[in-house]
Student: 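Sending over a structure as structure tokens; questions will come in a sec.
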There are 2 protein chains.
Amino acid sequence: MTVRLLLADDHRLLREGLRRSMSDAGFDVVGEACDGVEAIQLAGELSPDVILMDVTMPNCDGVEACRQVIDSGVGSRVVMLTMHADQEVLADAIRAGAAGYLTKDCSTREIAEAVRMAAEGDTVLSPQLARSMLDEVRKLDSHAEVDPSQERVVSKREEEVLQLIADGCSTPEVAAQLYISQKTVKNHLASIYQKLDARDRTQAVLQAVRMGIVSLS
Amino acid sequence: MTVRLLLADDHRLLREGLRRSMSDAGFDVVGEACDGVEAIQLAGELSPDVILMDVTMPNCDGVEACRQVIDSGVGSRVVMLTMHADQEVLADAIRAGAAGYLTKDCSTREIAEAVRMAAEGDTVLSPQLARSMLDEVRKLDSHAEVDPSQERVVSKREEEVLQLIADGCSTPEVAAQLYISQKTVKNHLASIYQKLDARDRTQAVLQAVRMGIVSLS
DNA sequence: CACCAATTGGGCCTTCCGACCTATTCAGGA
DNA sequence: TCCTGAATAGGTCGGAAGGCCCAATTGGTG
């Protein structure tokens with residue numbers, strides 16, 4: 001029984017490489033999608049056993065596409081592929097129902113094994129993500145409610161403040177945006193400076209960018 | 001006469017895909033590097049005809065690695081691979097002496113052709129980058145002297161100020177570092193704000209990071 | 001229950017920052 | 001040669017930023 005596989009990645013080079021590797025590994029590559037919307041559509045039309053889905057794609061990102069495919073009930077197992085080992089995205093992907101989460105640092109052999117295991121109902125992950133993955137799964141098992149992405153360095157509110165500053169807001173503007181006083185914003189910032197080992201907002205935002213806490217534009 | 005090819009990309013999946021594709025296309029893949037430093041080292045040891053080099057790599061980015069390979073005089077032609085069609089990076093790559101600049105949206109066939117053409121001394125580029133590439137080449141042809149990375153948005157001095165700020169310096173510290181008065185630093189900053197459409201140092205540094213003017217640690 | 005972290009807010013103070021004004025020197029292009 | 005741009009430096013001024021004190025509430029955790 002060959003595994004029917006759908007590839008979803010916006011980079012043709014990677015798709016072609018995967019198609020060859022996966023075909024050689026004995027999988028039946030039934031289709032390729034170059035964005036999230038196409039992936040969802042093809043998943044519905046082709047009902048593949050497994051979908052190898054890139055996280056970053058145009059139109060609809062991989063995690064959202066994964067969610068929609070799982071929710072649509074076609075029964076496809078989704079293995080996420082990502083460029084970077086991002087804890088946040090991993091957590092999102094697991095919550096979306098992904099059956100695997102691999103970085104593109106993996107070998108084709110590892111990918112092939114992951115696809116095979118996903119097809120058999122197992123959940124697979126990159127070795128370097130094993131621990132956090134297990135933590136996430138444990139949390140899902142123990143208390144099935146959504147947890148605000150564990151191990152946060154700064155609090156939720158502080159993260160909001162940081163993002164607004166990164167978006168170009170001044171202290172008064174952040175206060176207005178969040179409906180709190182300027183003093184509270186300053187307090188949050190002072191707390192952030194301690195946690196991120198920064199001494200001003202510039203360093204705090206840069207550190208947050210390095211740590212992936214905030215996104216730049 | 002087969003073309004001897006070196007692959008440099010930090011993503012093993014992509015490297016393996018490329019190795020297969022390029023081998024099948026008749027190239028002799030003599031080595032693989034997973035970061036910039038390794039790429040430079042292997043280029044020296046193996047003297048490949050062509051190096052397929054990713055732009056974003058650990059240790060030493062592809063553009064810098066390209067520059068060093070070209071400067072080392074091993075005679076290898078460097079074809080850059082990139083995730084995104086970035087004008088700035090393209091310009092840097094061309095200045096660094098790259099023989100080609102392709103996005104990973106290209107097909108393996110296109111990559112193979114690009115490698116072949118690069119080996120023959122031609123310069124190749126992604127279709128969507130053709131125009132800007134030609135403009136860049138024209139500039140290089142018209143005045144062939146070394147210009148300190150022309151089209152600079154901010155001046156050399158302003159760039160130094162920006163980098164120091166990004167490194168965590170305050171205005172007095174920047175002034176001390178550059179042996180100028182605080183007032184001059186402020187003047188530079190005011191000029192930077194205009195040029196980068198920023199209203200404070202935080203925004204200026206973030207914009208500079210986006211534009212690749214400064215590096216974050 | 002007691003404690004802790006998060007979130008909210010206050011006051012006071014010093015320093016920094018950015019806007020706006022001017023000015024000199026010097027190198028390079030029209 | 002004149003003019004522009006870069007780099008240098010000064011002043012003033014209002015607002016922003018950051019340090020350092022403080023306190024109230026809320027929601028968990030031990």
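Residue numbers start from 1 in every chain, and the chains themselves are labelled A, B, ... in the order their sequence lines are given, proteins ahead of strands.
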Student: Identify which nucleotide among D:dA16, D:dC20, D:dG11 has an atom closest to any side-chain atom of A:K183, counting heavy atoms from C-beta outward.
Tutor: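 Of the candidates, D:dC20 comes closest.
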Student: Using the rule side-chain hydrogen bond (donor to acceptor under 3.5 Å, both in side chains), only one of A:H188, A:Q182, A:R201, A:K186 pairs with A:T171; which is it?
Tutor: A:R201
Student: Show the numbers, then the answer: is there a side chain to side chain contact (heavy atoms under 4.5 Å, CB included) between A:M211 and A:Q207?
Tutor: CA-CA 6 Å; A:M211 298 172 68; A:Q207 188 60 34; 3.6 Å; yes
Student: Taking the side chain as every heavy atom from C-beta outward, state whether B:L162 and B:L196 have any atom pair closer than 4.5 Å.
Tutor: yes
Student: Taking the minimum atom-to-atom distance to the side chain of A:S170, which one of D:dA6, C:dT8, D:dA17 wins?
Tutor: D:dA17
Student: Taking only N and O in the side chain of B:H188, is any of them less than 4.0 Å away from OP1 or OP2 of D:dT8?
Tutor: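 True: B:H188 side-chain N/O within range (under 4.0 Å) of D:dT8 OP1/OP2.
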Student: For A:P172 and for A:N187, find the nucleotide of DNA chain D with the closest heavy atom, then tell me which residue's nucleotide is more 5'.
Tutor: A:P172
Student: Given D:dG10, C:dT7, C:dG9, identify the nucleotide with an atom nearest to the side chain of A:K156.
Tutor: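 Per side-chain heavy atoms of A:K156, the pick is C:dT7.
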Student: Between atom CG in B:L189 and atom P in D:dA9, what is the gap in whole Å?
Tutor: 14 Å
Student: Closest approach to the side chain of A:K186, judged atom by atom: which nucleotide of D:dG18, C:dC20, C:dT8 is it?
Tutor: D:dG18
Student: Under a plain distance cut-off of 3.5 Å, with no hydrogens placed, do B:E64 and B:Q68 share a side-chain donor-acceptor pair?
Tutor: yes
Student: Is there a side-chain contact between B:S155 and the phosphate of D:dG5, meaning an N or O under 4.0 Å from OP1 or OP2?
Tutor: no
Student: Got a salt bridge between B:E159 and B:K156, using NZ or NE/NH1/NH2 to carboxylate O under 4.0 Å?
Tutor: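 No salt bridge links B:E159 with B:K156.
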Student: Can you tell which of D:dA9, C:dC17, C:dT7 lies closest to the side chain of B:T171?
Tutor: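 The listed nucleotide nearest to B:T171's side chain is C:dC17.
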Student: Could you say whether B:E158 or B:Q182 is positioned toward the 5' end of DNA chain D, judged by the nucleotide with the nearest heavy atom to each?
Tutor: B:E158
Student: Scan residues 192-206 of chain A against DNA chain D and write down, sorted by residue number, each residue with any heavy atom closer than 4.0 Å; if none is found, say none.
Tutor: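 Output list: A:Y193, A:D200, A:R201.
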Student: Would you please test B:D49 and B:V115 for side chain to side chain contact (heavy atoms under 4.5 Å, CB included) and show each step?
Tutor: CA-CA 9 Å; B:D49 299 311; B:V115 170; over 6 Å; no
Student: Which atom names give the shortest non-hydrogen contact between A:R157 and A:L178, and what distance separates them?
Tutor: NH2-O, 3.3 Å
Student: In whole Å, measure the gap between the C1' atoms of D:dG5 and C:dA23 for me.
Tutor: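 The same atom, C1', in both gives a distance of 15 Å.
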Student: Please determine, for the side chain of B:R157, which listed nucleotide (D:dA17, C:dA6, D:dA7) has the closest atom?
Tutor: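 Closest of the options to the side chain of B:R157: D:dA7.
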Student: Taking OP1 and OP2 of C:dA6, is either one under 4.0 Å from a side-chain nitrogen or oxygen of A:S191?
Tutor: no
Student: Any side-chain N or O of A:T184 less than 4.0 Å from the OP1 or OP2 oxygen of C:dG9?
Tutor: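 For C:dG9, OP1/OP2 do have a side-chain N/O of A:T184 under 4.0 Å.
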Student: Whole-Å distance between D:dG10 C1' and B:I180 CD1?
Tutor: 14 Å
